[in-house]
There are 2 protein chains.
Amino acid sequence: MGPDRQAGLRPTARRAIVDAAIRLWAVNPGASLSEVALRAGVGRATLHRHFHGREVLLDEVARICLEEMRDAVGDTVNPHASARERLRAMFEAVVPLGDRYSFLHRESVAAEDAAAGYRAQLDWAAGLVSDLKAEGDLAPDVPSAWVVGQIDQLVWTAWSQVAGGRVAAADAASLCVRTLLEGLGGKR
Amino acid sequence: MGPDRQAGLRPTARRAIVDAAIRLWAVNPGASLSEVALRAGVGRATLHRHFHGREVLLDEVARICLEEMRDAVGDTVNPHASARERLRAMFEAVVPLGDRYSFLHRESVAAEDAAAGYRAQLDWAAGLVSDLKAEGDLAPDVPSAWVVGQIDQLVWTAWSQVAGGRVAAADAASLCVRTLLEGLGGKR
DNA sequence: CCCTTCTGAGACTTCTTTGTCTCATACAAT
DNA sequence: ATTGTATGAGACAAAGAAGTCTCAGAAGGG
């Protein structure tokens with residue numbers, strides 16, 4: 001038996017399955033493994049060979065989603081920029097991953113490393129909120145939990161609006177920042 | 001053995017089933033009919049007597065959710081008030097029904113009258129947005145679809161924050177209006 | 001070309017959910 | 001008390017999904 005046997009020697013099928021699961025479960029969280037295999041263009045047996053059960057696949061999908069989001073944020077957000085600019089860059093990075101995001105939102109992941117990754121994301125967001133307040137971009141009297149909740153929802157809203165063609169992809173990030181910080185009101 | 005079985009009234013079971021389904025499916029959309037019956041304090045056979053199948057129960061739940069939301073809005077919102085005040089009153093009426101709301105959000109309802117009710121709700125919201133713009137409470141350059149999406153998400157966010165004890169119920173509606181129109185920014 | 005590994009298809013079992021049916025019983029109205 | 005209706009419990013079958021196994025064939029490296 002080869003050394004990297006458990007990792008799967010042919011990454012194509014494994015990756016196709018994960019992708020199919022993300023796209024399918026983003027829309028229909030109850031989709032069966034048969035449907036996932038079909039969408040992935042892969043036999044049902046192959047799916048079971050790579051992922052020992054639904055739970056395992058679920059955890060792997062969650063792990064990959066978090067990884068992708070972490071990488072996207074890391075590539076786009078400049079840690080030395082202002083909090084407001086970091087917020088904008090974060091939206092820019094994350095909104096295109098809206099389907100991944102919504103998946104993580106709905107599923108309670110059992111795997112420990114995935115859960116840890118999720119906590120890390122929340123901590124990152126909480127730190128950003130705290131910086132925003134420190135730099136005067138956020139009103140201090142607003143509960144931080146409320147802000148984090150708004151950011152959370154903005155990502156999903158923006159993605160679905162873009163996916164539905166009602167908002168241009170290029171405008172999404174700025175619209176998110178504006179909505180969060182300045183609101184949609186006329187003049188004050 | 002059921003909680004409200006002492007009264008012995010017949011329609012109780014039907015109502016208990018619908019309530020249980022709303023509360024259960026708001027959290028776990030895939031919950032089985034056995035779980036619904038158990039939560040309702042009702043035999044599984046009784047559930048099938050009242051609702052001929054899962055679809056029927058689903059449609060009935062959707063119908064009742066829409067009805068409750070329509071009534072709540074009708075009771076709370078003064079049609080002659082300003083658009084901004086109507087927006088606030090709408091949040092006040094709808095946020096406590098967040099679980100109902102989220103249920104409607106996730107399920108694509110097949111029944112025609114329920115679908116019509118949903119369209120009516122969307123139309124009402126669109127009209128409100130248009131009035132807000134006319135009265136200068138909303139920036140004209142913001143896409144209306146974006147505003148409607150934000151309102152939609154605010155209801156659910158506010159409800160979950162209130163349900164999680166992170167925001168006081170009394171503050172929720174004002175916080176929603178402020179978030180939508182003025183944003184959460186510091187000073188400007 | 002040969003050999004190992006991975007794959008697809010299908011048969012098969014098990015488990016859960018759904019839906020139907022029966023029967024004894026509790027309750028309400030008369 | 002009697003009568004009719006709703007209910008709860010449980011047995012039962014049908015359907016779907018999960019999971020396992022086998023076997024023939026394709027893919028890729030040597």
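These numbers come from a predicted model, not from an experiment. Chain identifiers are assigned alphabetically (A, B, ...) following the order of the sequence lines, protein sequences preceding nucleic acid strands; residue numbering begins at 1 within each chain.
- With respect to the salt-bridge test (charged N to carboxylate O, under 4.0 angstrom), the residues Glu60(A) and Arg54(A) do not qualify.
- Counting only heavy atoms from C-beta on, His50(A) has its side chain closest to dT7(C) among dT20(D), dT7(C), dA9(C).
- Checking dT18(C), dG10(D), dT7(D) against every side-chain atom of Thr46(B), the shortest atom distance belongs to dT7(D).
- Distance from the side chain of Ser32(A) is smallest for dA18(D) among the nucleotides dT7(C), dT7(D), dA18(D).
- Regarding Glu55(A), its CD atom lies at a distance of 14 Å from the C1' atom of dG19(D), rounded to whole Å.
- For the pair Leu57(A) CG and dG19(D) C1', the computed distance is 14 Å after rounding to whole Å.
- In the set dG19(C), dA18(D), dT7(D), the nucleotide with an atom closest to the side chain of Ala13(B) is dT7(D).
- A straight line from CG of Leu58(B) to P of dG19(C) spans 12 Å, rounded to a whole angstrom.
- The side chain of Arg44(A) approaches dA18(D) more closely than any other nucleotide in the set dA18(D), dC21(C), dT18(C).
- Here dA6(D) presents its P atom at 16 Å from CG of Leu47(B), a figure rounded to the nearest Å.
- Between the CG atom of Leu33(A) and the C1' atom of dG8(C) there is a distance of 17 Å, given to the nearest Å.
- Each of Glu35(A) and Arg49(A) lies near DNA chain D, and the nucleotide nearest Glu35(A) is the one positioned closer to the 5' end.
- Ionic pairing of Arg44(A) and Glu35(A) is not present here: no N-O contact between side-chain nitrogen and carboxylate oxygen is shorter than 4.0 angstrom.
- Rounded to a whole Å, the CG atom of Leu38(B) is 13 Å from the P atom of dT18(C).
- Ion pair Arg86(A)/Glu92(A) not flagged as a salt bridge, since none of the NZ, NE, NH1 or NH2 atoms sits closer than 4.0 Å to an Asp/Glu carboxylate oxygen.
- Here Gly41(A) lies in heavy-atom contact (under 4.0 Å) with sugar-phosphate atoms only.
- Taking atom CZ of Phe51(A) as the reference point, atom C1' of dT7(C) lies 15 Å away to the nearest angstrom.
- Using a 4.0 Å cut-off between charged nitrogen and carboxylate oxygen, Arg84(A) and Asp131(A) do not count as a salt-bridge pair.
- Nucleotide dG16(D) holds its P atom 16 Å from the CG atom of Asn28(A), rounded to whole Å.
- Remark: Lys133(B) does not engage Asp137(B) in a salt bridge, criterion side-chain N to carboxylate O under 4.0 Å.
- Nearest to the side-chain atoms of His48(B) among the listed nucleotides dG8(D), dT20(D), dT20(C) stands dT20(C).
- The residue Arg54(B) sits close only to the backbone: its heavy atoms come under 4.0 Å of sugar-phosphate atoms, none of a base.
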